[in-house]
2 protein chains.
Amino acid sequence: MIRGWEELRADLLARIRAREWPPGGLVPGEEQLAHDYGVARATVNRALQALAEAGVVERRKRAGTRVAALPVRKARLDIPVIRREVEARGQVYSHVVLAQQVVALPAGAAARMGLAAGSPAVWLETLHRADGQPFAHETRWLNLAALPDPVPDFGTVSANEWLVANLPFVSGDMSFAAEAAGPAEARALEIAEGTPLMVIERLTQGLSGPITFVRLCHPPGHRVVLSL
Amino acid sequence: MIRGWEELRADLLARIRAREWPPGGLVPGEEQLAHDYGVARATVNRALQALAEAGVVERRKRAGTRVAALPVRKARLDIPVIRREVEARGQVYSHVVLAQQVVALPAGAAARMGLAAGSPAVWLETLHRADGQPFAHETRWLNLAALPDPVPDFGTVSANEWLVANLPFVSGDMSFAAEAAGPAEARALEIAEGTPLMVIERLTQGLSGPITFVRLCHPPGHRVVLSL
DNA sequence: CGGGTTAATATGTATATACATAATTACCGT
DNA sequence: ACGGTAATTATGTATATACATATTAACCCG
């Protein structure tokens, strides 16, 4: 006896997992399911909405509800503030600004950020530490037009954290790669050149344009966990 | 003039981004917003539901709706089927099974998978190629109890792909790290030992227990892209 | 048989109403 | 001032009804 949309969602999910309706196959319509389960059509709609958002089914107006042909397999990452990440490991966080200057955005970075070459930007290089050991080497370009005037003091609160509190992003992209440590990273992270690094790059956009392009390098032993 | 829940959601999001209600602050209640916008309370509820699911606000019965104290910053990864990943790059996919045998699960893998040591499992080693070049070296443990009998032929369709179509997971975890290539990976991927590898590990659970624990190693140049 | 047009229909949404439930507030007693 | 209890209330949900919209199916004509 179904008590509400959540139970209905779970029951439908179980039936889908049991292959009652195969991938790509048509699930009975809302009216039919409402009749079968003895609930309102709106309740069925609510349950299917949740399944659609989970990627289990695909729905289109008038076209019916189909089991996703290939189950969408999504993993989620909660992007951590580095200080919180370090402290969550029970370690003491600290950071030091290695370099900071207002510059004209070079062509490569400009293209990456979708800004004109020569746009005023802040170039920032930061080392984040955990218990005094190098945790991450961060280099970033900040779109000067997105920052308040005067530019905040990133020696006090790292840009990594300041941006979260003051310039939330609304879109962007992020990527991971394994790369060999170059001279700058090796020096900052106190490791040998060529050591494998987890390199995380991220571009974020605010409501009025690009905010920042950041590159984070973590030494070996760093693992990024996503949930399924 | 708000036309529906989607426009309302966008308007509320813009107001939140503009700090009309600060992080942690209380958003006006549904009845108030319904009155202010001239829509039904259910419409407000629908818009706020979407914002809550996006992590922009937090809602509890009777407690009101608050702007998330720290904007949740989530990134999403669509987990690709390797063949599709290769083909999406315009390359020709192929794979070869380097090793496959039914074994007793050793203690380490058993612990990782939440199974008893000695449980029957399939050990599988696969090399995935793109245009004939090594693309990924995959080693995996498959819980024999989760597989049909007889065990499928992974030489024809890789386990990576077979599982998607036949054993969808319902939960699990996934992680990324940069590691130096060991002898087995170096040999399979035709690179020098010590070369940085993007190492992806994933454990998936089905409705009736653990399915597989897989470790994927990609040579340099492989970039995993997430969307924000 | 194929293509174009029209009608039908399944999902998508908005609203009003009623009820459920968890959290907050108010009140009272010690 | 603090703790406990009861009342209030803001979110959560279910239902019925009406309307919107995109897609599918039916029909007609060349």
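It should be emphasised that the depicted structure is a prediction, and the values quoted were computed from it without experimental measurement. Residue numbers begin at 1 in each chain, while the letters A, B, ... track the order of the sequences.
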Q. So A:Phe154 and A:Trp162, would you call those rings parallel, tilted or perpendicular, with 30° and 60° as cut-offs?
A. perpendicular
Q. Do the side chain of A:Arg62 and the base of C:dA10 come within less than 3.5 angstrom through a donor-acceptor pair of N or O atoms?
A. no
(Q) Heavy atoms from C-beta onward define the side chain here; which of C:dT11, C:dA14, D:dT15 lies closest to that of A:Ala40? (A) D:dT15
Q.
Taking the nucleotide of DNA chain D with the nearest heavy atom to each, does A:Ala63 or A:Thr43 sit closer to the 5' end?
A. A:Thr43
Q) Taking only N and O in the side chain of A:Arg59, is any of them less than 4.0 Å away from OP1 or OP2 of C:dG12? A) yes
Q.
I need the CZ-P distance between B:Arg9 and C:dT13, as an integer number of Å.
A. 12 Å
Q: Take atom CD of B:Glu7 and atom P of C:dT13, then tell me their distance rounded to the nearest Å.
A: 13 Å
Q. Under 4.0 angstrom, heavy atoms only, what part of the nucleic acid is A:Ala42 near: base, sugar-phosphate, or nothing?
A. base
Q) B:Trp5 CH2 to D:dA20 C1': how many Å, rounded? A) 16 Å
**Q.** Atom-to-atom span, CD of A:Gln49 to C1' of D:dT13 - whole angstrom
**A.** 13 Å
Q: Calculate the interatomic distance between B:Glu6 atom CD and D:dT21 atom P; express it in whole Å.
A: 15 Å
Q) Whole Å only: how far is the CG atom of A:Leu26 from the P atom of C:dT9? A) 16 Å
Q: Whole angstrom is fine here: how far is it from CD in B:Glu53 over to P in D:dT11?
A: 16 Å
Q | Approximate separation, where rounding is to 0.5 Å, of B:Arg41 CZ and B:His35 NE2 | A | 15.5 Å
Q) Looking at A:His95, A:Arg83, A:Arg84, which hits side chain to side chain donor-acceptor pair (under 3.5 Å) with A:Glu161? A) A:Arg83
**Q.** Test applied, side chain to side chain contact (heavy atoms under 4.5 Å, CB included); reference residue, B:Leu216; option that passes from B:Arg140, B:Glu138, B:Glu201, B:Met198
**A.** B:Glu138
Q: Give A:Arg60 one of three labels, base, sugar-phosphate or nothing, depending on what nucleic acid heavy atoms sit under 4.0 Å from its own.
A: sugar-phosphate
Q: For B:Arg46 and D:dT13, give me the distance from atom CZ to atom P, rounded to whole Å.
A: 12 Å
Q.
So A:Leu226 and B:Asp173, do their side chains get closer than 4.5 Å, heavy atoms only?
A. no
(Q) For DNA chain D, please output the secondary structure as dot-bracket, reading 5' to 3'. Pairs are Watson-Crick or G-U wobble, both atom distances under 3.5 Å; mark crossing pairs with [ ], other-strand partners with |, unpaired with a dot. (A) ||||||||||||||||||||||||||||||
(Q) Looking at A:Arg59 and A:Glu53, is there a salt bridge between them, counting it only when a charged N and a carboxylate O are closer than 4.0 Å? (A) no
Q) By ring pair (Phe, Tyr, Trp, His ring centres under 6.0 Å), which residues pair with A:His218, not counting sequence neighbours? A) A:Phe135, A:His222
